Asks: 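Quick one: the structure is below, questions incoming.
Predicted, not measured: the structure shown is a model, and the values here were computed from it.
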Amino acid sequence: MVSALKGLPRLGSACWQPTSRSASEAASANMALKEHGLHLFRSAVGAVLPRPMLKRALGLDTGGCPRLVLCGQPFELRRNLYLVGFGKAVLGMAAAAEDILGDHLVRGVISVPQGIQATLRHAGMREMLLKPQSHIQVMEGARHNLPDRDAMKAARAIQDLAGGLQAEDLLLVLISGNASEPSILWVLPRDPASHPPSLFPVCCIFSPDGT
């Protein structure tokens, strides 16, 4: 029996052992998988960035009488276009809208989170910022994601702009945020005379994807 076993090949030498080549192949496979995951992530984020989304929904027809084209519907422009907006993604949306509309946009007011302009500058995302000569006023508020007086001032400025428009004017409204909740960037006192510190969100229609 012992002599028979001695005649068998040594199993230890025949078993698979990891080699430097197989380790290198595994590392390459892991790197390829990581790159593929990053590509998917960047593609997903790129699809919902404000600028490409605005370009899909908003256009300017300069043939003959200039017209704003919104989701395929044209609106004649006669120095009568205004813009308001509120939400975390609205700064980038407004920048993209103004790039498209140019001087056809008369004036705008947007309410955005406190510190977002500095954050975008620090991140090098200048395409999300308004140009120095912009016609849009940026008002920051809602520090720590809570309604505050700065957010209230921004909401009042938006209300004043909208309230001063005439029947022939056009108002482009940009909203980003959670469709199931009112925005903390759009708040006004319930009753300024009797409840000065009381703030409440005004009900609005939201789109969760920032369009």
Asks: With the 4.5 Å side-chain cut-off for hydrophobic clustering, are M93 and F75 part of the same group?
Replies: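 They do share one cluster, since a chain of ILVMFWY contacts under 4.5 Å joins M93 to F75.
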Asks: Which pair of non-hydrogen atoms, one from A162 and one from L171, has the smallest distance, and what is that distance?
Replies: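 Between these two residues, the closest heavy atoms are CB-CD2, 4.0 Å.
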Asks: Distance from D99 atom CG to L60 atom CG, nearest 0.5 Å?
Replies: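 Answer rounded to 0.5 Å: 12.0 Å.
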Asks: Can L70 be reached from I110 by stepping across I, L, V, M, F, W or Y side chains whose heavy atoms are under 4.5 Å apart?
Replies: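 Result: yes, single cluster for both.
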Asks: Would you name the heavy atoms of A89 and P50 that are closest together and state the gap between them?
Replies: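 What the structure gives for the nearest pair is O-CG, 3.8 Å.
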Asks: Tell me the closest heavy-atom pair linking P74 and G72, and the distance in Å.
Replies: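 Taking every non-hydrogen atom into account, CD-O, 3.7 Å.
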Asks: Hey, could you give me the NZ/CG distance between K55 and L49, rounded to the nearest 0.5 Å?
Replies: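 Here the rounded value is 11.5 Å.
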Asks: Could you state the interatomic distance from CD (Q137) to CG (L83), rounded to the nearest 0.5 Å?
Replies: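 Going from CD on Q137 over to CG on L83, the span is 12.5 Å.
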Asks: Between D103 and R79, is there a side-chain N and carboxylate O pair less than 4.0 Å apart?
Replies: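 The answer is no: the pair does not qualify as a salt bridge.
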Asks: Identify the heavy atoms of G85 and V90 that sit nearest to each other, and give their distance.
Replies: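 Taking every non-hydrogen atom into account, C-CG1, 3.8 Å.
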Asks: Answer with yes or no whether the hydrophobic clustering places L91 together with M125; edges join I, L, V, M, F, W, Y residues whose side-chain heavy atoms lie under 4.5 Å apart.
Replies: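 Both belong to a single hydrophobic cluster.
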Asks: Could you measure the distance from the OG atom of S111 to the CD atom of E140? Nearest 0.5 Å is fine.
Replies: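 S111 OG to E140 CD: 9.5 Å, rounded to 0.5 Å.
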Asks: Quick one: CZ on R143 to CG on N145, what's the gap to the nearest 0.5 Å?
Replies: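 Here the interatomic distance stands at 12.5 Å.
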Asks: Under 3.5 Å, is there a donor-acceptor pair between the side chain of D148 and the main chain of A142?
Replies: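 Confirmed, D148 side chain pairs with A142 backbone.
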Asks: Working to the nearest 0.5 Å, report the span between CG of L54 and CD1 of I100.
Replies: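 With rounding to 0.5 Å, CG (L54) is 5.5 Å from CD1 (I100).
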Asks: Under 6.0 Å from the CG atom of D160, do we count more than 12 heavy atoms belonging to anything else shown?
Replies: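 More than 12 within 6.0 Å, yes.
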Asks: Measure across E98 and H135 and return the closest heavy-atom pair with its distance rounded to 0.1 Å.
Replies: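 Scanning both residues, the minimum pair turns out to be OE2-N, 2.8 Å.
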Asks: Show your reasoning for whether side-chain contact (heavy atoms from CB on, under 4.5 Å) applies to L170 and Y82.
Replies: CA-CA 6 Å; L170 300 174; Y82 298 81; over 6 Å; no
Asks: State whether the side chain of N80 and the backbone N or O of L77 hold a donor-acceptor pair below 3.5 Å, judged by distance alone.
Replies: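 Side chain of N80 to backbone of L77: no pair is present.
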Asks: Locate the shortest heavy-atom distance separating K88 from S176; write the atom from each residue and the value.
Replies: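 The answer is N-OG, 3.2 Å.
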Asks: Do S134 side-chain atoms and L130 backbone N/O form a donor-acceptor pair below 3.5 Å?
Replies: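 It does not hold such a pair.
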